[in-house]
Amino acid sequence: MDLKKFVDLHLHTLASDGTFTATEVVQRAKALGLSAIAITDHDSVEALEEARTCGAKEDIEIISGIELSAYSDKSEIHILGYFLDDKNKRFLKKLEELRTARKERIHRIVEKLRKLKIDITAEEVFEQAQDAAAGRPHVAQVLVKKKVVPNIKEAFKKFLGDGKPACADKEKLTPREAITLLKDVGGVPVLAHPAFLYQDELIPKLVVEGLMGIEAYHSEQNARLSEKYVALAKEQNLLITGGSDCHGHGKDRILIGTVKLPYEFLELVRKAHLQLS
Ligand code: AMP
Ligand code: ZN
Ligand code: FE
Ligand code: FE
């Protein structure tokens, strides 16, 4: 019997822009033979309770997590947080503010689309997002439903992607603010998908600001890139994490389980968390 244990540390649910409930994510993790998963929704920890309930039933360890967006100059940086206290009142209030800012941004995105003569309302996007942290993927889903574009990918390519005509900025947290927000609640801050940042020179600066790890393994990059970021992590004395960044049907394919990180990596993150508090 294979006793090796694996984890997936980057998963989205319906609490942000994933299309699976927390229960579905946990059940899929179980079916794939994972031992632990981290739920890392954008600006939300709302799925964690349901994930824990299902995790207890299915014998899957649930790691509390989140994915925050920060800006450095023009680039958007995603910072994951692990083992954070998702009951902390101040933290929850800040997340609520970020989600309110996301809603305000939806109005700006919709306005831009309407100027491009696309018939869409903010209400339609909120209907699509329900209680989730509303984002561009929800706008994309509405555009697909209305047959403005054939698929989500095309919606980003034509309208919503960074620098495209209907893209709008989110609330601007600095990387230092995001990192501090996480560490204040025991969260271990990790740079998400560094390969998509295209600015490796930023990493040492983020380390000075308190970054503790990088997501060297990600489903949408090749093995050579993973090796590069593993080497970079070692050089900078950073933790190494990895995850699929599964959004359910929100991406071309279902990604959960396409990254299987050995459990030992998670133990090191846990150790770092314990040293924080
Ligand atoms: P937002 O949080 O509103 O800025 O939206 C960012 C999210 O959109 C990311 O987390 C991705 O899940 C998704 N996304 C970004 N680019 C694309 C793309 N080209 N195709 C599909 N989804 C994308
Ligand atoms: Zn997302
Ligand atoms: Fe991300
Ligand atoms: Fe993500």
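The structure presented is a predicted model; accordingly, all values stated were derived computationally and were not measured. Numbering of ligands and ligand atoms starts at 1, following listing order.
Arg136 NH2, 3.7 Å is the protein heavy atom nearest to atom 6 (C) of ligand 1. Protein heavy atom closest to atom 19 (N) of ligand 1, with residue, atom name and distance, is Phe156 CB, 3.4 Å.
Residue side and main chain included, His10 places an N/O/S atom under 2.8 Å of the Fe ion (ligand 4). Checking His78 against the Fe ion (ligand 4), every N/O/S atom stays at or beyond the 2.8 Å cut-off.
Aromatic ring centres of His107 and Phe126: separated by under 6.0 Å. The aromatic ring centres of Phe196 and His78 sit 6.0 Å or more apart. Phe20 has its ring centre no less than 6.0 Å from the ring centre of His12.
Around the Zn ion (ligand 2), the angle linking His247 (NE2) with Asp17 (OD1) is 80°, rounded to 10 degrees.
Shown in contact with Gly135 at under 4.0 Å from a heavy atom are these atoms of ligand 1, numbered in order with element: 3 (O).
At a heavy-atom distance under 4.0 Å, only side-chain atoms of Asp17, from C-beta outward, approach ligand 1. Under 4.0 angstrom from ligand 1, the non-hydrogen atoms of His42 all belong to its side chain.
Evaluated for a salt bridge (Lys or Arg N to Asp or Glu O under 4.0 Å) with Asp43, the options Lys103, Arg102, Arg99 yield exactly one hit, Arg102.
Residues Val259 and Leu11 do not share a hydrophobic cluster, clusters being chains of Ile/Leu/Val/Met/Phe/Trp/Tyr side chains in contact below 4.5 Å.
Not close to ligand 1: Gly161, with no non-hydrogen atom less than 4.0 angstrom away.
Here the shortest heavy-atom pairing between Ser72 and Leu202 reads OG-CD2, 3.8 Å. Residue Lys260 comes nearest to Phe6 through the heavy atom pair O-CD2, 3.5 Å, listed as atom of the first residue, atom of the second, then distance.
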For Glu67 and Thr40, what are the C-alpha separation, side-chain angles and deciding distance, and is it a side-chain hydrogen bond (donor to acceptor under 3.5 Å, both in side chains)?
CA-CA 5 Å; Glu67 184 171 18; Thr40 55; 5.1 Å; no
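Within Asp245, the N, O or S atom lying nearest to the Fe ion (ligand 4) carries the name OD1. The N, O or S atom of Glu67 with the smallest distance to the Fe ion (ligand 4) is OE1.
By the 3.5 Å distance cut-off applied to N or O atoms, Lys170 is counted among the residues near ligand 1. Checking only distances, Lys251 never comes within under 3.5 Å of ligand 1, N or O to N or O.
Salt bridge Glu264/Lys4: present, at least one basic N to carboxylate O contact under 4.0 Å.
Considering Arg102, Glu67, Arg105, His247 only, the shortest heavy-atom separation from atom 2 (O) of ligand 1 involves Arg102.
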